[in-house]
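Residue numbering restarts at 1 for every chain, and letters A, B, ... go by the order of the sequence lines.
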There are 2 protein chains.
Amino acid sequence: MDGVHIGYVMIEENDNKPSQRRNYRHGDLRRALLEAGIALARNGGPEAVVLREATRQAGVVPNAAYRHFANRDDLLRAVRAHALSQVAIAMETELDKLSPTLPPLAYAQGCVRAVGTGYLHYAHAEPGLFKTAFFFHEGVEADADPAKAGNSGLNPFQLLSQALERLAAAGGLPPERRLGAEYLAWSAVHGLALLISEGPLQGVPEGMRQALGQRLLDMVEKGL
Amino acid sequence: MDGVHIGYVMIEENDNKPSQRRNYRHGDLRRALLEAGIALARNGGPEAVVLREATRQAGVVPNAAYRHFANRDDLLRAVRAHALSQVAIAMETELDKLSPTLPPLAYAQGCVRAVGTGYLHYAHAEPGLFKTAFFFHEGVEADADPAKAGNSGLNPFQLLSQALERLAAAGGLPPERRLGAEYLAWSAVHGLALLISEGPLQGVPEGMRQALGQRLLDMVEKGL
DNA sequence: ACAAAATGTGTACGCCGTCCACATACAATA
DNA sequence: TATTGTATGTGGACGGCGTACACATTTTGT
């Protein structure tokens, strides 16, 4: 029953995602292409997401992609949105570990650290997607697109903003230093994330990596 | 006398770099290709340095490049080396502004700031080359290649190390925090450099950019 | 003067993104 | 239910890229 030759699109088994299809219509090509793109980005980073390969994995002719994405860049942006949302989720995972019974200042500081830790963790766990997420550094600040957000509905930048807001409210960040604090914190964490995910700190052992991350967050906390 | 048609390589004027040549042999192709590559990287970043375009600018057939560079990547690495050396020079320029009559601790702190300032300045002034310089984050730490160094013979990472060493010697950095300090400082400054050169801080006005840079360096100084 | 080594040329291959015309399936309507 | 329009996939083609192989030309070392 599998591998039957029907019409001129032969290959088949189940008409869904895994391998092939029997119909002229794919049924869920956009999703299939996106997932292929994500897989490509996952191991190989943004430059590895190549349109033709995605269509190959979806079992479809190259041009079919243009019914769902304007061009390669459009596909890449969709992959990026997914990666951003994953970063947000990684942050939220760390945030959820915090005990809400902490005193406000400690809690707020914990939030900032959690955001940073999630970021660093994701960069290490998924370097390809991480790189894709921040390939275009294109305004995520005021972007309400839920495709780029985590479960809270906030994207990574917004989660950082929220944490800093809380910190300011708890008195952990003097008002005159509140403006632009996002960019200082982001700079520091992003820089280390790059060194870890694609830089000279790639092979570094777990313990050392954690320690560096915490020292960096200390620095941010102290110096923000 | 110019534009003469000689043999089968017609175009001519002066047989040197600017435009074309009359000889079968180019004479200085490697340099010409490298300079073309640098120009391409300058406006367009690493992905803009395309082998065929470089050969076009050098007035030579594509394959000629392979007599001087193993492949496109090899050319890109040469461009990167040049960019790194420019970064080092930008740092040295800032270092030279320091008055050596300062007390040791202030001088050492000034050195660290100068290194960071030079880095940030270059990232803003030459975003394409800056991006190329750190496209491969590939061990520059123990690289004695003079092509990647500035006038002092030290590359950017080594200049940072030197500054931190001085800071530690002057008592501005406790010994237990000396190890890995390079990566913390580098992270912070590199992150901001990215946001400025290709990120959401691109269009930001001069004053704001300077201020952010100094605040970031404050943070590093305080929190290292 | 001549052979060997260095350097540039010509031609070709496979891969990529993308355009255009055409085929097929599905859905709304008559 | 038959028809027609629209969404979606196919086929073929183009130009650009990196690069391999064989060949031509110049320079250099004997």
Side-chain angles (χ1 to χ4, degrees), chain A residues 5-12 15-17 19-37 40-41 44-79 135-136, chain B residues 5-12 15-17 19-37 40-41 44-79 135-136:
Chain A
H5 178 136
I6 299 182
Y8 58 115
V9 177
M10 52 161 193
I11 34 186
E12 193 30 47
D15 60 6
N16 250 341
K17 333 178 174 165
S19 31
Q20 295 100 349
R21 93 204 122 105
R22 84 167 98 265
N23 319 348
Y24 187 87
R25 299 299 241 268
H26 179 285
D28 203 5
L29 184 51
R30 194 196 146 86
R31 160 176 248 88
L33 290 173
L34 180 51
E35 282 177 1
L40 290 171
E47 55 273 4
V49 20
V50 23
L51 231 175
R52 288 180 102 111
E53 178 58 25
T55 61
R56 243 171 264 134
Q57 291 187 14
V60 109
V61 99
N63 284 338
Y66 289 90
R67 301 294 177 187
H68 303 276
F69 297 96
N71 47 43
R72 187 232 175 207
D73 205 67
D74 195 29
L75 171 59
L76 192 48
R77 277 169 203 277
V79 174
F135 190 54
F136 327 90
Chain B
H5 178 139
I6 298 180
Y8 58 116
V9 177
M10 54 158 195
I11 32 187
E12 192 32 48
D15 60 6
N16 250 341
K17 333 181 176 164
S19 30
Q20 293 99 348
R21 93 204 120 104
R22 82 166 99 266
N23 319 348
Y24 187 87
R25 298 300 239 261
H26 179 286
D28 203 5
L29 185 51
R30 192 195 148 86
R31 160 176 249 88
L33 290 173
L34 180 52
E35 283 177 1
L40 290 172
E47 56 274 2
V49 21
V50 26
L51 231 176
R52 289 180 101 113
E53 178 58 27
T55 61
R56 244 171 263 134
Q57 291 187 14
V60 108
V61 98
N63 284 338
Y66 289 89
R67 300 295 177 189
H68 303 276
F69 297 96
N71 47 42
R72 187 232 176 204
D73 205 68
D74 195 29
L75 171 59
L76 192 49
R77 277 168 203 280
V79 174
F135 190 56
F136 327 90

task = Not counting sequence neighbours, which residues clear side-chain hydrogen bond (donor to acceptor under 3.5 Å, both in side chains) with Asn71(A)? List them please.
result =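 Once residues adjacent in sequence are excluded, Asn71(A) has no partner under the side-chain hydrogen bond (donor to acceptor under 3.5 Å, both in side chains) criterion.
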
Could you tell me the separation between the [atom1] atom of [X] and the [atom2] atom of [N], rounded to a whole number of Å?
{"X": "Leu40(A)", "N": "dC15(C)", "atom1": "CG", "atom2": "P", "answer": "16 Å"}
{"X": "Arg52(A)", "N": "dA13(D)", "atom1": "CZ", "atom2": "C1'", "answer": "11 Å"}
{"X": "Tyr24(B)", "N": "dT7(C)", "atom1": "OH", "atom2": "P", "answer": "12 Å"}
{"X": "Leu75(A)", "N": "dT18(C)", "atom1": "CG", "atom2": "P", "answer": "10 Å"}
{"X": "Leu51(A)", "N": "dC19(C)", "atom1": "CG", "atom2": "P", "answer": "11 Å"}
{"X": "Asp73(B)", "N": "dG18(D)", "atom1": "CG", "atom2": "P", "answer": "11 Å"}
{"X": "Asp74(A)", "N": "dT18(C)", "atom1": "CG", "atom2": "P", "answer": "10 Å"}
{"X": "Arg30(A)", "N": "dA7(D)", "atom1": "CZ", "atom2": "C1'", "answer": "15 Å"}

query = Arg72(B) side chain to Val49(B) main-chain N or O, any donor-acceptor pair under 3.5 Å?
reply =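 Here the side-chain-to-backbone pair exists.
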
key: Closest-nucleotide 5' rank along DNA chain D - winner of Pro62(A) and Glu53(B)   =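 Per heavy-atom nearest nucleotide, the more 5' residue is Pro62(A).
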
Nucleotide of [options] approaching [X] most closely (side-chain heavy atoms):
{"X": "Leu29(A)", "options": "dG9(D), dT25(D), dC17(D)", "value": "dG9(D)"}
{"X": "Val50(A)", "options": "dG8(C), dA12(C), dC16(C)", "value": "dC16(C)"}
{"X": "Val61(A)", "options": "dC17(D), dT10(D), dA25(C)", "value": "dT10(D)"}

task = Starting from the C-alpha separation in whole Å, work towards a yes-or-no answer on side-chain contact (heavy atoms from CB on, under 4.5 Å) for Glu53(B) and Leu40(B).
result = CA-CA 9 Å; Glu53(B) 178 58 27; Leu40(B) 290 172; 3.8 Å; yes

query = Quick one, which residues of residues 63-72 of chain B touch DNA chain C with a heavy atom under 4.0 Å?
reply =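 Those residues are Asn63(B), Ala64(B), Arg67(B), His68(B).
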
ask   = Which residues satisfy the salt bridge (charged side-chain N to carboxylate O under 4.0 Å, His left out) test with Asp74(A), sequence neighbours excluded?
value =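 Partners of Asp74(A) by the salt bridge (charged side-chain N to carboxylate O under 4.0 Å, His left out) criterion come out as none, since no residue qualifies.
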
query = Between Thr55(B) and Leu33(B), does a side-chain contact (heavy atoms from CB on, under 4.5 Å) hold up when you go through it step by step?
reply = CA-CA 6 Å; Thr55(B) 61; Leu33(B) 290 173; 4.0 Å; yes

ask   = Once you round to the nearest 0.5 Å, how far does NE2 of His68(A) lie from NE2 of His26(A)?
value =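 It comes to 8.5 Å.
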
ask   = How many angstroms lie between CG in Leu51(A) and CZ in Phe69(A), if you round to the nearest 0.5 Å?
value =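 Leu51(A) CG to Phe69(A) CZ: 8.5 Å, rounded to 0.5 Å.
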
